[in-house]
Participant: 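Got a structure for you, written out below as structure tokens; questions coming shortly.
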Amino acid sequence: MELGAGVRGLNVKSTTPCLTPSTHIKARNLYSSRAYSYASFRAHRIPICKASIKENCISAESVSKVNRMSAADYSMDVELSSLTALCPLDGRYWGKVKDLAPYMSEFGLIKFRVLVEIKWLLKLSQIPEIPEVPRFSAEAETYLQNLSDQFNLDDALEVKKIERVTNHDVKAVEYFLKQRCQSHPEISKVLEFFHFACTSEDINNLAHALMLKEALNKVILPVMDKLITAICNMATANASIPMLSRTHGQPASPTTLGKEMAIFAYRLSRERKELSQTEILGKFAGAVGNYNAHLVAYPDVNWPQIAEEFVTSLGISFNPYVTQIEPHDYMARLFNSIIQFNNILVDFDRDVWGYISLGHFKQITKAGEIGSSTMPHKVNPIDFENSEGNCGIANGGLSHLSTKLPISRWQRDLTDSTVLRNMGVGLGHSLLAYKSALQGIAKLQVNEASLIADLDHSWEVLAEPIQTVMRRYGVPEPYEKLKELTRGRAVTRESIREFIERLDIPVEAKSHLLTLTPHTYVGAAVELAKNLDTVTSLVNGAIVL
């Protein structure tokens, strides 16, 4: 179940290298250290236009400055690697989060900007009221589409070189496309319709929407589903295994291990549903959301309708009422759903951590692994601790995104721009948390002996059903009588049976109470756990927008 409809023309592979935001590096050094094939990025490279740039595209002086730049301008004093990366997502944990890189990196942002710019030019060519951009031939459309589909690391580095001259990242994309199309006999005639009537945020908001949609659909939601499935499997496999409950840390009415796992699977399923139903919005209404420039240039075009058609063609829902920016309310809702999913996972991590501490779970060990540097016997629940910690880091960043992004001074300020570049951080730590929890679950073995021993030492939990049956048959002060029997005293099977035998209740009721043990007093826990698959499938069965 995906978030939003698919985007046509996207061809971003999960192994695509990315550029770390604001980091200039030698591409070969970066990706050789990441086990990426740099050559794979060159495999589908489209021909680079060597023709000179006309003055109406970029000034001759600007072109000269760009051409003089060498690879050395992108080097660092220290090669970026797992040992020198400032962020652990780009270092220690890279192998677990790299699937997000094609979407949430600087490379991903540039690639989606290129896609939006090209799609807009193609859309303009389809509007009869704009004769200056005639319908492109099939060959020209393919040429433009290939610029997007085959966009690679070399292309992104070229855009970054142009940006060093323009000092404007979106304008650099426009100039890049003009360079690539300068030699094409058909497209070269309409170069100035790249970025036509657009403000930068028209391009950026759709690029960010596509980044989020693709990252969620291709990476985050599938791992969420794996996690929910793993917990569902724990629930059904252990549906009938009785376990002592603890409320306030004290022994309470028994449950089953499976039913306790089912609770988390159900809660996570509901949040996953909320996330998948979040409507991703986009705008394309110009400088302040009123189509001002559009209408001056072409007053007879229904620009709001054109904008809606264009945005929805990308698989994004249209927001008709905007300022210069799409207000980001959907992002706040989306990030809050992830935050709540992560909160539930923290609850799961802590509970499983506690069950391991009680001995209810054993952990499968791997030869050569060290649990403690000084205590050889230890097998620490590090995966659940790692998951909990990364959920916390993720939620800190996502919380700021969800509270800050919907707030912008008047028609636009730039505070959202730098904040949006950190979306990948919150998603990256979330992804790491999910994978850590999955790794921890895979190591768990139920220790039934521990669960049995716990119940055998807790006969006092039968005080609840006994006093409830006493109430049914009118025995006076049932609660008080059981309180006197159990509070502060050691309660055994024998003392419980002796108490039941003295009760003035019907024989059938007494016989039933005498059959109860802490192991069998689990209510409907078994059925609740076994019915989980049906319940969670209904929760996740909603149609996705």
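Side-chain atoms are counted along with the backbone in the values below, which use heavy atoms only and exclude waters and symmetry mates.
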Participant: Is it the case that the side chain of Asn390 and the backbone of Asn386 share a donor-acceptor pair, with hydrogens and angles ignored and the cut-off at 3.5 Å?
Facilitator: yes
Participant: Let me check something: any side-chain donor-acceptor pairs from residues 281-292 under 3.5 Å, sequence neighbours excluded? List them with distances.
Facilitator:
from, atom 1, to, atom 2, distance (Å)
Lys283, NZ, Asp202, OD1, 2.6
Lys283, NZ, Gly286, O, 3.0
Lys283, NZ, Gln324, O, 2.9

Participant: Under 30°, 30 to 60°, or over 60°: which ring-plane class applies to Phe264 and Phe348, parallel, tilted or perpendicular?
Facilitator: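 Perpendicular: the ring planes of Phe264 and Phe348 meet at over 60°.
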Participant: Taking the side chain as every heavy atom from C-beta outward, state whether Glu163 and His168 have any pair of such atoms under 4.5 Å apart.
Facilitator: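 No, their side chains stay 4.5 Å or more apart.
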Participant: With heavy-atom distances below 4.5 Å as the criterion, would you say the side chains of Arg412 and Asp416 are in contact?
Facilitator: yes
Participant: Output, in order, the C-alpha distance, side-chain angles, deciding distance and verdict of ring-ring contact (aromatic ring centres under 6.0 Å, His included) for Trp120 and Phe310.
Facilitator: CA-CA 7 Å; Trp120 179 233; Phe310 176 62; 5.1 Å; yes
Participant: Look at the aromatic rings of Phe193 and Tyr298 and report parallel, tilted or perpendicular, splitting at 30° and 60°.
Facilitator: tilted
Participant: Can a salt bridge be assigned to the pair Arg180 and Asp155 using a cut-off of 4.0 Å between side-chain N and carboxylate O?
Facilitator: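 The answer is yes: the pair qualifies as a salt bridge.
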Participant: Taking atom NZ as the centre, does Lys123 end up with more than 12 heavy-atom neighbours from other residues, nucleotides or ligands that are less than 6.0 angstrom away?
Facilitator: yes
Participant: Is Asp169 salt-bridged to Arg421, going by a charged N under 4.0 Å from an acidic O?
Facilitator: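 Salt bridge flag = yes for Arg421 with Asp169.
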Participant: Knowing that exactly one of Leu227, Leu221, Ile338 qualifies, which makes a side chain to side chain contact (heavy atoms under 4.5 Å, CB included) with Arg272?
Facilitator: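 Of all the options given, the one that passes is Leu221.
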Participant: Give the intermediate values and the outcome of side chain to side chain contact (heavy atoms under 4.5 Å, CB included) for residues Lys96 and Leu431.
Facilitator: CA-CA 8 Å; Lys96 294 185 177 181; Leu431 178 61; over 6 Å; no
Participant: So does Glu106 pair up with Lys160, basic N to acidic O under 4.0 Å?
Facilitator: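 A salt bridge links Glu106 with Lys160.
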Participant: Test of understanding: with ring-ring contact (aromatic ring centres under 6.0 Å, His included), list the residues that count as partners of Phe136, not counting sequence neighbours.
Facilitator: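 Checked Phe136 against ring-ring contact (aromatic ring centres under 6.0 Å, His included); zero matches.
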Participant: Check this for me: does any side-chain nitrogen of one of Arg267 and Asp347 sit under 4.0 Å from a carboxylate oxygen of the other?
Facilitator: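 Looking at Asp347 together with Arg267, the answer is yes, because their closest N to O distance falls below 4.0 Å.
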Participant: For the pair Glu174 and Lys178, find out whether any cationic side-chain nitrogen is under 4.0 Å from an anionic carboxylate oxygen.
Facilitator: yes
Participant: Hey, what's the ring geometry for Phe196 with Trp303, parallel, tilted or perpendicular (30° and 60° as the breaks)?
Facilitator: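 Judged by the thresholds at 30° and 60°, the geometry between Phe196 and Trp303 is tilted.
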Participant: Please tabulate, for side-chain N and O atoms in residues 397-405, each donor-acceptor pair with protein atoms closer than 3.5 Å (sequence neighbours left out).
Facilitator:
from, atom 1, to, atom 2, distance (Å)
Ser402, OG, Asn336, OD1, 3.2
Ser402, OG, Leu398, O, 3.4
Ser402, OG, Ser399, O, 2.9
Thr403, OG1, Ser399, O, 3.0
Thr403, OG1, His400, O, 3.2
Lys404, NZ, Ile407, O, 2.8
Lys404, NZ, Thr415, OG1, 2.9

